[in-house]
Amino acid sequence: MKELPKKYKHADIEAACIKQWDNERIYSYNSEKNEPPFVIDTPPPTVSGSLHIGHVFSYTQTDVIARYQRMRGKNVCYPMGWDDNGLPTERRVQQVYGISCDPTLSYDPHWKPAKINPKKHKHSTPVSRQNFIEACLELTHEDEKAFEALWKNLGLSVDWNLTYSTISPQCQALSQRSFLDLQNKGLVYSKEAPGMWDIDFQTAVAQAECEDREDAGAYHHIHFETTEGKKLTIATTRPELLPACIAVVAHPDDERYQPLFGKTAVTPLFGAEVPILPAEHADPDKGTGILMVCTFGDAMDVAWWQQSNLALKQVLGRNGCFQDINFEKAPFLSNHPTQAQDAYDQLKGKRCKQAKKIIAELLAQEGSAVSGKGKAMPNPPEPITHPVKYFEKGDSPLEFIPTRQWYINLLDHKETLLKQGDKIIWQPSFMKNRYSNWVEGLNQDWCVSRQRFFGVPFPLWYPLDEKGNPRHDVPIFAKPEQCPIDPMTATPEGFNESQRNQPNGFCAEADVMDTWATSSLTPQIISGWPENDEQHQQLFPFDLRPQSHEIIRTWAFYTIAKAWFHHNDIPWKRIAISGWILDPDRKKMSKSKGNVVTPQHLFDDYSADAIRYWASKARLGVDTAFDESMFLIGKKILTKFFNASKFVFMQIQDAPKDLNESHLTQVLDQSFWSLVQENMNRYHEKFSEFDYAGALDEIETLFWTFCDHYIELVKTRAYKATDPKQKLSAQAGLRLTLKILCQGFAPFMPFLSEQVWGSLEEGSVHQSQFILSRTSSHSTEHFKRVVEVLTQVRTYKSKENLSIKVPVTATIHCQDAHKTILSAVLEDLSLAGHLTKVSFKVADLDHIDVKMMPVPEG
RNA sequence: GGGCGAUUAGCUCAGCUGGUUAGAGCACCUGCCUUACAAGCAGGGGGUCGCAAGUUCGAAUCUUGCAUCGCCCACCA
């Protein structure tokens, strides 16, 4: 056992604890143990930069639960993962090293990534795919070391032997085997179709990764004419897509346009003849009620095109620029190819924003109308703001561009996935609505392919026909036992490497999987599926998934979907949704807003325990504004706990070490001990509902009662009493309660609790077990009555401006029953110097009334 | 447009399976160097629980409507 230091210095305590916990492997999970497991599906933080106070907040809440469960005798399996595959990492690597990936380059084994100054370094250096991946690995490795150090400083009770990284060979193998399993079950398919496409990253994105942003736009009112010369005016926000117009539609019930249905309209500038058709989705009240359908202006265009059998007029390239088109060679694009080419050449190579401006100018020119008389757009565009779809990590609006992608079938399983959500306990329960809402609103299957580099490759190839074109209809899948496999370097069975990219040979699928395709398997990464089926059966479904609410539609949803597809089971029994940290202006903290608070200086100034105290005060799902004064409160309580502990040690230093409940012979000590039990029972009740904040309230209340009242009442007896029984009883009360407080505080303030515990007992408090449902035959009444009198004595002294130590005489008016209780214990008050010469008067009162006066001098 | 949450003391938040004078911390005021702690301790002031109806013997708590703030989803010509 170690003595407490003279002063509370959190840095010393933390350093010592981190070392001790590491050395003694206090938090290791042992699959051989018989205790019931408690398995946590820890969120793997995205490794792209640094952690901020919001991470500290939510991870603390999980750790508090983990520590509690461990002290309840559970075999806690608490891993840590790093989500290092995917776009955020690529983007950061591009910025930090000033490079970009050019897959056509060959590997340079001598190249080493070097950090650059982004202000001086304007152009990025292209490197090969393998060099790029190596740069990603190097940077993420560096970040992960920093993350681990921070988590250890925070005191997360993670088993660091259970660390994974989503780009590791093991995770890649799992991710690929998951894909092959889904393929085997008929749940995946590839399809060439218009899908959401980010023109900057040049990759497909999934529905879950899109967000709407309010953007400035403008209605352009453009005159079309029918082949019979009748005019009609359409309204559009995307005039640049005029060359891609395939039809004009209006609502079938719209009487204004009913006569036009079946007729043919001619587009201005491009002279394309397009049908005028009825369409349910046209809103008569919006714009002019009649609109052009393009390939593709929005999701509605896509849906309508798919059922229309009309030709595709793809004008936008994958880079978001108007691609080269020869109107002579594509007669369906225009009936007046020369005129169309003239107009189109001005758009060629431009992005939508510029093209929009150019086409608006062209349409506003005299003679731009179809008939050649007047302007096709006589009025200037009418500015509006409207929601536009973006990739959540992107900077340009998404386009719908036809590409071949791999999909996982979700739409056929919506009902089942909804039901799976019902089987999970959501905390707080209203968060389940977010999930149900999302599942009900799903309108696309999960697009899992990404045209990127730092990710898990698809384990497949395509045979090439005699012309060297890939046969996408008959992909060659790798065998599960071959995973992890990179089809860019591995050769499919039945071929040899010389046939790569040759006619009648094969080619690799170059895409990588969506990062969520791997992240959605975090439970399986830990459980060891599919290799370690025994462990998987033991751990699955997990006990707890902690996460934040903005990724319910991605991480939670995909994890639930995969667990259903692979195991017909839920991934975890409970999901705990943490709130957000808001800045003092109540705005969400995020890197893009630049209002992020990094935690290290807070650790130095206030201690890890103080930060944890602050995080533990917030209930699940409740957003919390960042307020530095809260850390000060934590620090104050820690100092108080340290001082109180030191004082208790002074009081009990001459007592035997084996003090136990049988030494509690005095009525006040017995009564207080009962109060401790009542408090702890509530503490455990709260924790059993994962209400750690409520549990903290309980232990804190107990702590303050202990300091303000119990210690005050027994300290004199503990060191002055002549009767050894009386003295031992006080000492036992102090020691036993301090132990309970150490345990009760341990999940929240693990460092100081460990330090204090180390002065009382052998071993770590974090491996100690709570003793539940202690029952006490003693009433708490005695203690409560004494506190009542004590408070009145203090009030009296305060009002009379008397020092606390001035003794007073008191006459106590109370019921006879209370008199019996009080007289048995008032000695404590007298001993503590609060009262002398107590006399009683029996009165018919429902409370205790104390009349006091100072002891006359002399 | 659909859904969810919040609204309680100057501030941050508990309380909400209906039940005595609505709680805590911070801030504020008064006093106290008391043999753990002055970064401390004791005491005190401060709230018609967002608004309006309803159910009830009784509503911060349940129902309905409204307002304000925030979030999720949908719409996207």
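Quick caveat, the model's predicted, so the values are computed rather than measured. Naming: A, B, ... by sequence-line order, numbering from 1 per chain.
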task = Examine B:C73: is either OP1 or OP2 under 4.0 Å from a nitrogen or oxygen in the side chain of A:R553? Give yes or no.
result = yes
task = Identify whether any heavy atom of A:D708 sits under 4.0 Å from a base atom; if not, whether one sits that close to sugar-phosphate; answer base, sugar-phosphate or nothing.
result = sugar-phosphate
message = My validator wants the stems of RNA chain B: runs of 3 or more consecutive Watson-Crick or G-U pairs, both distances under 3.5 Å, written as range with range.
response = B:1-7 with B:67-73, B:10-13 with B:23-26, B:28-32 with B:40-44, B:50-54 with B:62-66
ask   = At under 4.0 Å between heavy atoms, what does A:C707 touch on the DNA or RNA strands: base, sugar-phosphate, or nothing?
value = base
task = With heavy atoms under 4.0 Å as the rule, sort A:K389 into base, sugar-phosphate or nothing.
result = base
query = To the nearest angstrom, how far is A:E698 atom CD from B:G23 atom P?
reply = 17 Å
query = A:Y257 and A:F261: aromatic ring centres closer than 6.0 Å?
reply = no
ask   = Taking the six-membered ring for Trp, are A:Y710 and A:F672 parallel (under 30°), tilted (30 to 60°) or perpendicular (over 60°)?
value = parallel
task = Write down the distance separating the P atoms in B:C51 and B:U8, rounded off to the nearest Å.
result = 10 Å
inquiry  = Please tell me if A:Q207 has a side-chain N or O lying less than 4.0 Å from either OP1 or OP2 of B:A74.
reply    = yes
ask   = Side chain of A:S803: nearest nucleotide among B:C32, B:G40, B:G31?
value = B:C32
Would you list the protein and nucleotides 1-12 of chain B atom pairs, both N or O, that sit under 3.5 Å from each other?
residue: B:G2; atom: N2; partner: A:N437; partner atom: OD1; Å: 3.3

Per A:T791 side chain, nearest of listed nucleotides B:A42, B:C37, B:G43 = B:G43
ask   = Just how far, in rounded Å, is P of B:C37 from CG of A:L4?
value = 15 Å
inquiry  = Using whole Å, what does the distance between atom P of nucleotide B:C72 and atom CG of A:D623 come to?
reply    = 10 Å
key: Rounded distance in Å - OH (A:Y390) to P (B:C73)   = 17 Å
key: A:D298 backbone acceptor or donor facing A:R238 side chain under 3.5 Å   = no
query = Counting any heavy atom closer than 4.0 Å, what does A:A235 reach on the DNA or RNA strands: base, sugar-phosphate only, or nothing?
reply = sugar-phosphate
key: Nearest-angstrom distance from the residue atom CG of A:L802 to C1' of B:C41   = 15 Å
